[in-house]
Amino acid sequence: MRLLLIRHGQTPSNVANLLDTAVPGPGLTELGEKQAAALPDALADERIEALYASTLVRTQLTAAPLAAARGLEVLVRDGIRELAAGDLEMEPGDTEAGEAYMVTAFAWAAGDTGLRMPGGESGAEAFGRFDAVVAEAAASGAGTVAMVSHGAAIRAWTAARARNVDVDFAAAHPLDNTGVVVLEGSPETGWTALTWAGAVVGDAAPAGSESGPTGRPLDAQE
């Protein structure tokens, strides 16, 4: 299966740099609406057969133009919502709270899934719910599936599940609004990331090989 993980369009909380993860969450800014409207053309070469969005309003608004252009139903699933911030909810992202949020998310991606977000879910719970939606999509038989989700969830899940994306790479490559990560594979065989926000993702660098500053091969371009 070809899996497109799409970050939602810009929200007021993105502009204010807030950890806003609770349902239903804010809508889109004027720029976010334009980003959503541009998705059908941006993904014109993708033969999308199923389209999912999270339970947060911003993902559904982002998915709407793509759904209309392709004649698809938006399948709303809680499992692909943002990593819940717990006690850090609505804290500024550029403070110690924001750092703690991302440190926890990437600790999960590195394998410490028993760790809990302060006052929130564990990595096992977060990845488990995301895995369940991906498994549902794979079982549907669709060849290409698009999921409109959230920045931290996409980066952490991809670092945990894609064989050629590690924590260093995901931490060094934030996703802009409506940025897309494209993967191929299945829940049974595993996943390989093909592109990250349009840039080709290379294989993991073998020991002793030349690599970039994040420990990724030099063909993993920004």
Side-chain angles (χ1 to χ4, degrees), residues 1-9 39-40 42-54 59 62-63 66-67 70 72 74-75 77-83 105-106 108-111 113 123-124 126-205 211-212 214-222:
M1 181 176 78
R2 188 172 174 90
L3 178 62
L4 280 59
L5 300 179
I6 307 166
R7 188 186 176 199
H8 59 80
L39 269 179
L43 299 177
D45 293 337
E46 297 286 354
R47 301 183 64 178
I48 298 168
E49 298 172 40
L51 176 59
Y52 290 75
S54 82
T59 63
T62 302
L66 184 58
R70 301 297 181 91
L72 295 170
V74 179
L75 304 172
R77 299 290 186 268
D78 184 67
I80 56 172
R81 61 178 161 79
E82 184 58 292
L83 307 178
F106 288 129
W108 294 348
T113 56
F127 290 159
R129 60 177 170 80
F130 206 105
D131 285 339
V133 182
V134 173
E136 175 192 336
S140 75
T144 300
V145 175
M147 294 187 179
V148 186
S149 183
H150 305 265
I154 292 171
R155 292 165 70 197
W157 185 86
T158 302
R161 298 291 183 257
R163 58 177 57 90
N164 61 332
V165 174
D166 60 18
V167 170
D168 287 345
F169 181 89
H173 293 78
L175 277 179
D176 290 335
N177 293 108
T178 62
V180 184
V181 175
V182 180
L183 305 99
E184 279 190 353
S186 72
E188 294 76 25
T189 63
W191 298 94
T192 299
L194 304 179
T195 61
W196 184 290
V200 174
V201 181
D203 294 332
S211 63
T214 61
R216 307 303 302 158
L218 293 178
D219 60 350
Q221 301 293 319
E222 175 66 46

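Checked by atom type and distance alone, the side chain of E184 never pairs as donor or acceptor with a backbone atom of M1 at under 3.5 Å.
In terms of heavy atoms, A193 sits closest to V201 at O-CB, 3.8 Å. Considering all non-hydrogen atoms of both residues, V167 and A110 come closest at CG2-N, 3.8 Å. Considering all non-hydrogen atoms of both residues, G9 and T62 come closest at N-OG1, 2.9 Å. Here the shortest heavy-atom pairing between T59 and A53 reads OG1-CB, 3.7 Å.
Here the side chains of V148 and Y52 are not in contact, with every heavy-atom distance at 4.5 Å or above. Using a 4.5 Å heavy-atom cutoff, the side chains of V181 and T195 are not in contact. Within the 4.5 Å cutoff, the side chain of L4 has heavy atoms near those of the E46 side chain. Contact annotation: the side chain of L194 approaches that of R2 to within less than 4.5 Å [non-hydrogen atoms, C-beta and beyond]. Between I154 and S149, some side-chain heavy-atom pair lies under the 4.5 Å cut-off. Inter-residue side-chain proximity for L51 and L66 is flagged as met; some heavy-atom pair is nearer than 4.5 Å. Looking at L183 and T158, their side chains come closer than 4.5 Å, going by heavy atoms from C-beta outward.
Taken to the nearest 0.5 Å, the CH2 atom of W196 stands 10.0 Å off from the CG atom of N164. Considering CZ of R163 and OG1 of T192, their distance stands at 4.0 Å, rounded to 0.5 Å. In this structure, CZ on R7 lies 9.0 Å from OG1 on T178, to the nearest 0.5 angstrom. To the nearest 0.5 angstrom, L39 atom CG is 5.5 Å from I6 atom CD1.
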Dump the intermediate steps for side-chain contact (heavy atoms from CB on, under 4.5 Å) on L3 and M147, then the final yes or no.
CA-CA 8 Å; L3 178 62; M147 294 187 179; 4.1 Å; yes
Query - Residue pair R47, T144: steps toward the side-chain hydrogen bond (donor to acceptor under 3.5 Å, both in side chains) verdict - result: CA-CA 6 Å; R47 301 183 64 178; T144 300; over 6 Å; no
- Assess whether side-chain contact (heavy atoms from CB on, under 4.5 Å) is satisfied between L5 and V180, documenting all intermediate values. CA-CA 6 Å; L5 300 179; V180 184; over 6 Å; no
Evaluate the criterion side-chain contact (heavy atoms from CB on, under 4.5 Å) for residue pair R155 and H173; output intermediate values, then yes/no. CA-CA 8 Å; R155 292 165 70 197; H173 293 78; 6.0 Å; no
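By the salt bridge (Lys or Arg N to Asp or Glu O under 4.0 Å) test, D176 is found to be paired with no residue, residues two or more places apart in sequence or in another chain being considered. Scanning for ring-ring contact (aromatic ring centres under 6.0 Å, His included) contacts around F130 gives W157, with sequence neighbours left out. T113 is linked by a side-chain contact (heavy atoms from CB on, under 4.5 Å) to A124, F127, counting only residues two or more places apart in sequence or in another chain. Taking the side-chain contact (heavy atoms from CB on, under 4.5 Å) definition, one finds that A105 meets it with L83, A156, sequence neighbours left out. With sequence neighbours left out, R70 forms a salt bridge (Lys or Arg N to Asp or Glu O under 4.0 Å) with no residue at all.
H150 and S54 form a side-chain donor-acceptor contact under 3.5 Å, judged by distance and modelled atom types alone.
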Using distance only, find each side-chain donor-acceptor pair of residues 132-143 under 3.5 Å and give its atom names and separation, not counting sequence neighbours.
residue, atom, partner, partner atom, Å
E136, OE1, R77, NE, 3.0
E136, OE2, R77, NE, 3.1
E136, OE2, R77, NH2, 2.8
S140, OG, A137, O, 2.5
S140, OG, A142, N, 3.3

